[in-house]
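Letters A, B, ... are given to chains in the order of the sequence lines, protein chains preceding strands, and every chain is numbered from 1.
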There are 2 protein chains.
Amino acid sequence: MESSNAASGGSTRREATRQKLYEAAVTLIAEQGFSATTVDEIAERAGVAKGTVYYNFASKSVLFEELLRHGVGLLTASLREAAERTARDGGTKVDALDAMVRAGLVFIDRYPSFTQLYVAELWRTNRTWQSTLMVVRQQAVAVVEGVLREGVENGEFSEEIDVALTASALVGMVLVAALDWKSFQPERSLDDVHSALSRLLQGRVSGRR
Amino acid sequence: MESSNAASGGSTRREATRQKLYEAAVTLIAEQGFSATTVDEIAERAGVAKGTVYYNFASKSVLFEELLRHGVGLLTASLREAAERTARDGGTKVDALDAMVRAGLVFIDRYPSFTQLYVAELWRTNRTWQSTLMVVRQQAVAVVEGVLREGVENGEFSEEIDVALTASALVGMVLVAALDWKSFQPERSLDDVHSALSRLLQGRVSGRR
DNA sequence: TTATTTGAACTGACTGGTCAGTGCAAAAAC
DNA sequence: GTTTTTGCACTGACCAGTCAGTTCAAATAA
């Protein structure tokens, strides 16, 4: 168990099957919800036998939990990368936030189903994967909070801002705007959406032109 | 049929039962999701027999749909009232937005389960109540869009803002901040949360004190 | 007041179907 | 020769929706 053959980073046959199962599960669960999605459906869409699902995952819940971990991991890495890149290029903290907004949009553009499913589960209670969700959420939000905190320290942001709440609000702004974009105006370009959010972020809303 | 005894406006026995069922369903579905919640559970929590659920609602889905309509109706009325009150008092459009942010917070404070359930369903596709959801969503968002549009017309907001997208972003800001508040820092006061969001809304984030 | 009737509201055992998870022998991939 | 996948039959729990029968409250009759 825990064989971890090939240090190359995940290209065993098993890994490929798991990936197919993730992809099948993510769209189905985003559309229908976890409980309404059957294991038979997931297997069928992945082009795999039902037994294979259980050979690769202990249960339906476990499959879902690992899917959550996997997806949020990608997002967190992407946010972190955006923040670090901006810092390296000598940008301000506002620039960093803006870069993270873009990174968020790119992520949602690429994985809309995952985002949808994540939002649907995030504030639920009494579910088995609740603790997993809590952990990964915190990892992602912490990146935003970190930038805000550094901005307060270097005087770029007011000392009176509430870091945790402001981070939530910023995440919400991007999340909802992006989900609405994808759901109701999918033809718009990412740049377009990004510039609208940038304007809001930088308070260039009030006042004439 | 359609007896409608007492023109007093809704205090029949039937209405009371429906109300109990709404209350039971909203918390259970918020916690577990629609599919994972059984009709037996709803009936039990409402203190009513299963048959009564089906006497009052055609199906589990219909119960849920009417619950959605009911809840979003309350929110929309509250937002509209906030906007109109501000206008009557001679406030600016920013004041109106601020009042609506507060109205949103008050709503979420009072009906956290409903909000949670609404968010979980909003961006799903392929569900029977999708069209219902679309309609009520638009009613609520339209109130925010209206204020933004009026603000652009009277020169208070830049002509370059994207009304639909900005409205989504504002809704998201309040929604996510409030849900995080309720989930992770429920001891904080509404005023506290409101003032943090006001600061963000008015762009008083950048710059020293 | 008290008895009877009426129809709406409610009850809960039951049905027919669904689905997560199992077991396993044989095939395929590596 | 070891790991992984397949195919498929099977089980036991669970659940949406039904329906024949019961209760309730208000109206009418006595």
Side-chain angles (χ1 to χ4, degrees), chain A residues 1-26 28-29 31-68 121 126-129, chain B residues 1-8 10-26 28-29 31-67 121 126-129:
Chain A
M1 50 187 70
E2 289 291 319
S3 69
S4 82
N5 66 336
S8 54
S11 64
T12 46
R13 181 150 75 117
R14 208 153 181 221
E15 208 47 53
T17 306
R18 288 171 112 105
Q19 189 63 36
K20 278 195 293 183
L21 285 169
Y22 283 154
E23 279 161 23
V26 80
L28 286 167
I29 296 177
E31 281 167 12
Q32 307 176 325
F34 175 80
S35 304
T37 301
T38 68
V39 174
D40 288 284
E41 278 178 308
I42 297 173
E44 192 191 346
R45 181 165 307 188
V48 138
K50 187 179 184 178
T52 305
V53 177
Y54 285 93
Y55 182 79
N56 283 280
F57 298 96
S59 67
K60 185 185 170 189
S61 296
V62 169
L63 162 56
F64 184 55
E65 256 179 276
E66 302 206 357
L67 173 58
L68 284 173
E121 292 296 333
N126 295 347
R127 308 223 85 177
T128 53
W129 54 77
Chain B
M1 51 188 71
E2 288 291 319
S3 69
S4 81
N5 65 336
S8 55
S11 63
T12 48
R13 181 146 78 116
R14 205 149 182 226
E15 207 47 52
T17 307
R18 287 172 110 104
Q19 189 63 37
K20 278 195 294 184
L21 285 169
Y22 282 154
E23 278 161 24
V26 80
L28 286 167
I29 296 178
E31 282 167 11
Q32 306 176 324
F34 175 80
S35 304
T37 301
T38 68
V39 174
D40 287 284
E41 279 177 308
I42 296 172
E44 191 190 346
R45 180 165 306 188
V48 136
K50 188 177 190 177
T52 304
V53 176
Y54 286 93
Y55 181 77
N56 283 280
F57 298 96
S59 68
K60 186 185 171 188
S61 297
V62 168
L63 162 56
F64 184 55
E65 258 180 273
E66 302 206 356
L67 175 58
E121 292 296 333
N126 295 347
R127 308 223 84 177
T128 54
W129 54 78

Rounded to the nearest Å, what distance is computed from the [atom1] atom of residue [X] to the [atom2] atom of nucleotide [N]?
| X | N | atom1 | atom2 | value |
| --- | --- | --- | --- | --- |
| A:Y55 | D:dT6 | OH | C1' | 13 Å |
| A:E15 | D:dT3 | CD | P | 17 Å |
| B:N56 | C:dT11 | CG | C1' | 13 Å |
| B:L63 | D:dC15 | CG | P | 16 Å |
| B:R14 | D:dA26 | CZ | C1' | 17 Å |

Can you give one letter per nucleotide of nucleotides 17-30 of chain C, 5' to 3': B if a protein heavy atom sits under 4.0 Å from the base, S if only from the sugar-phosphate, - if neither? --SBBB------SS
Looking only at side chains, do B:Q19 and B:E15 share a donor and an acceptor under 3.5 Å apart?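 Per modelled atom types, B:Q19 and B:E15 side chains form no pair under 3.5 Å.
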Within a strict 4.5 Å, meaning less than it, do heavy atoms of the [X] and [Y] side chains meet?
| X | Y | answer |
| --- | --- | --- |
| B:S61 | B:F34 | yes |
| B:Y22 | B:V26 | no |
| B:L63 | B:I42 | yes |

If only side-chain N and O atoms of B:T17 are considered, is one of them under 4.0 Å from the OP1 or OP2 phosphate oxygen of C:dC10?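 Yes, such a contact exists.
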Between B:T52 and C:dA9, does any side-chain N or O lie under 4.0 Å from OP1 or OP2?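 False: B:T52 side-chain N/O out of range (4.0 Å or more) of C:dA9 OP1/OP2.
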Write out all pairs satisfying salt bridge (Lys or Arg N to Asp or Glu O under 4.0 Å) with one or both partners inside residues 56-67 of chain B, taking only residues at least two apart or from two chains.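 Residue pairs with at least one partner in residues 56-67 of chain B: B:R18-B:E66.
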Determine which pairs satisfy salt bridge (Lys or Arg N to Asp or Glu O under 4.0 Å) with at least one residue from residues 31-41 of chain B, sequence neighbours left out, and list them in order.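 Those involving residues 31-41 of chain B are B:D40-B:K50.
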Could you check whether B:V48 gets within reach of a base, just the sugar-phosphate, or nothing at all, counting any heavy atom under 4.0 Å?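 Counting heavy atoms under 4.0 Å across all strands, the contact made by B:V48 is with sugar-phosphate only.
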